[in-house]
Amino acid sequence: MADTEITFTTGAVTMHGSLRLPAGSGPDAPAPAVLLLAGSGPTDRNGDSALLPGSIGTLEFLADLLEKRGFASLRYDKLGSGTTGLGPYDPEDIGELGFSVFTEGARAALTFLSDRAAIDPQRVYVVGHSEGALIALALAGAGANVAGVGLLEPLAVRLLDLLTTQIDRQLTAVVAGGQLPLELADALRLALAGAVESLRTDATLSEDLPEPLRAAGLIPANARTLAEEDALDPRELAGRLPAGMPVVTSCSVKDIQLDCADVDALDAALAHTALTPIRMTTANHVLKEIGDAPSTGADYIQALPWSAEFTAGFEGWLDTL
């Protein structure tokens with residue numbers, strides 16, 4: 001069936017989204033359903049980012065897979081993306097809302113989906129991509145009425161630990177390439193360690209951080225959001241999931257935004273669940289097939305086929321639900 005444009009509210013914000021029902025579903029034949037959660041930044045209901053000049057489409061692809069397997073789905077434009085935009089807020093207000101605005105938006109979406117007459121409220125699942133996986137874990141770990149969880153290319157460590165690893169790797173690379181003196185790289189590492197400590201101690205950031213760190217988003221306006229997201233430890237949240245809950249994780253060795261070793265550690269924290277791990281060799285972060293080529297990020301918006309490794313594993317998981 002075609003997508004139906006819907007709205008729901010959370011706080012002062014009207015969220016816009018797409019509800020899709022499989023053929024034959026209705027009040028007399030309620031369908032299982034999946035709430036789809038997008039990744040970080042201004043990523044909309046389809047998985048497209050306002051920061052990239054083209055279509056990605058990951059969440060729309062997932063909605064297609066779900067429909068084929070008889071699942072309804074809801075995907076929506078979170079605050080700061082798509083038709084929802086900034087709602088009633090000015091840009092300078094967003095930092096004061098914190099990361100909780102995204103978890104509360106997802107909670108409202110879950111309630112909206114579960115309340116539809118054509119949906120079986122006992123078979124509602126949450127599937128998050130990238131940062132969306134962290135929100136899925138936060139919902140399920142907080143006792144929301146969730147029957148199972150999908151963690152696709154997930155944020156598998158605390159946010160600031162991941163950011164530290166990523167920046168350290170970038171500094172190592174530019175020093176090795178002769179583009180930055182070692183002493184300046186070490187000064188940036190020291191400043192980053194101080195910023196992480198400040199965020200974890202009192203959720204603040206100095207105005208005087210070096211420009212490369214500010215360019216990475218470490219600015220005072222983002223401090224509350226960064227601190228609140230970092231406080232959500234994926235492995236701790238994983239440990240709160242009910243024993244035997246159906247869970248699927250995915251990771252690809254071609255994903256430049258995460259380390260599969262971190263996802264393996266998340267899997268270990270999920271050992272008490274009914275876990276299905278999907279491990280891929282030729283998919284990028286947005287689940288597109290890139291073959292033997294390295295991922296650069298530019299491939300996210302290319303018209304590439306979707307990963308067959310992922311599709312087979314994910315459809316197999318759906319068939320067990």
Quick check against the 3.5 Å criterion: does [X] have a side-chain atom that pairs as donor or acceptor with the backbone of [Y]?
| X | Y | value |
| --- | --- | --- |
| T58 | V286 | yes |
| S130 | G132 | no |
| N284 | K288 | yes |
| D299 | G297 | yes |
| S307 | A283 | no |
| S25 | L21 | no |
| H272 | L241 | yes |
| D93 | D90 | yes |
| E67 | P22 | no |
| D48 | G57 | yes |

Surrounding [atom1] of [X] (heavy atoms of other residues, nucleotides or ligands, distance under 6.0 Å), is the total greater than 12?
| X | atom1 | answer |
| --- | --- | --- |
| D319 | CG | yes |
| E197 | CD | no |
| Q302 | CD | yes |

Pairing residues for D202 by the side chain to side chain contact (heavy atoms under 4.5 Å, CB included) criterion, not counting sequence neighbours: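 Scan of D202 (side chain to side chain contact (heavy atoms under 4.5 Å, CB included), adjacent residues dropped) gives S198, T204.
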
Those residues that, when tested against S81, pass side chain to side chain contact (heavy atoms under 4.5 Å, CB included) (two or more places apart):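 S81 satisfies side chain to side chain contact (heavy atoms under 4.5 Å, CB included) with D44, D77, K78 once adjacent residues are dropped.
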
T281: partners by side chain to side chain donor-acceptor pair (under 3.5 Å), with sequence neighbours left out: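 Testing T281 for side chain to side chain donor-acceptor pair (under 3.5 Å), a comparison that skips the adjacent residues, returns E309.
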
ILVMFWY cluster membership beyond L190 - transitive side-chain contacts under 4.5 angstrom: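 Members other than L190 - counting any ILVMFWY side chain reachable under 4.5 Å - there are none.
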
Cation-aromatic face contact R116/F112, 6.0 Å, 45 degrees: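 Yes, a cation-pi geometry holds between R116 and F112.
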
Does the side chain of [X] come under 3.5 Å of the side chain of [Y] through a donor N or O and an acceptor N or O?
| X | Y | value |
| --- | --- | --- |
| T164 | R169 | no |
| E104 | T10 | no |
| S73 | R20 | no |
| S250 | E153 | yes |

Do [X] and [Y] have side-chain heavy atoms sitting under 4.5 Å apart?
| X | Y | value |
| --- | --- | --- |
| H285 | K254 | no |
| L37 | V127 | no |
| T276 | V247 | no |
| P220 | E207 | yes |

Closest non-hydrogen atom pair between L139 and T103, with its separation: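 Heavy-atom minimum between the residues: CD2-O, 4.1 Å.
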
Does the plane of the ring in [X] sit parallel, tilted or perpendicular to the ring in [Y]? Use 30° and 60° as the thresholds.
| X | Y | result |
| --- | --- | --- |
| F61 | W306 | parallel |
| W317 | Y125 | perpendicular |
| F314 | F310 | parallel |

Is a salt bridge present between [X] and [Y], judged by a nitrogen-to-oxygen distance below 4.0 Å?
| X | Y | result |
| --- | --- | --- |
| D267 | R279 | yes |
| D208 | R214 | no |
| R158 | D233 | no |

Do [X] and [Y] belong to the same hydrophobic cluster, where Ile, Leu, Val, Met, Phe, Trp and Tyr are linked whenever their side-chain heavy atoms lie under 4.5 Å apart, directly or via other members?
| X | Y | result |
| --- | --- | --- |
| L152 | V263 | no |
| V149 | V157 | yes |
| L321 | I278 | yes |
| L110 | L62 | no |
| L36 | F102 | no |

Disulfide (SG to SG under 2.5 Å) contacts in which one or both residues fall within residues 102-210, not counting sequence neighbours: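 Not a single pair qualifies under disulfide (SG to SG under 2.5 Å).
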
Listed once per pair and sorted, the disulfide (SG to SG under 2.5 Å) pairs that draw on residues 224-321, sequence neighbours left out: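 Counting only pairs at least two positions apart or across chains, the disulfide (SG to SG under 2.5 Å) contacts touching residues 224-321 are C251-C260.
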
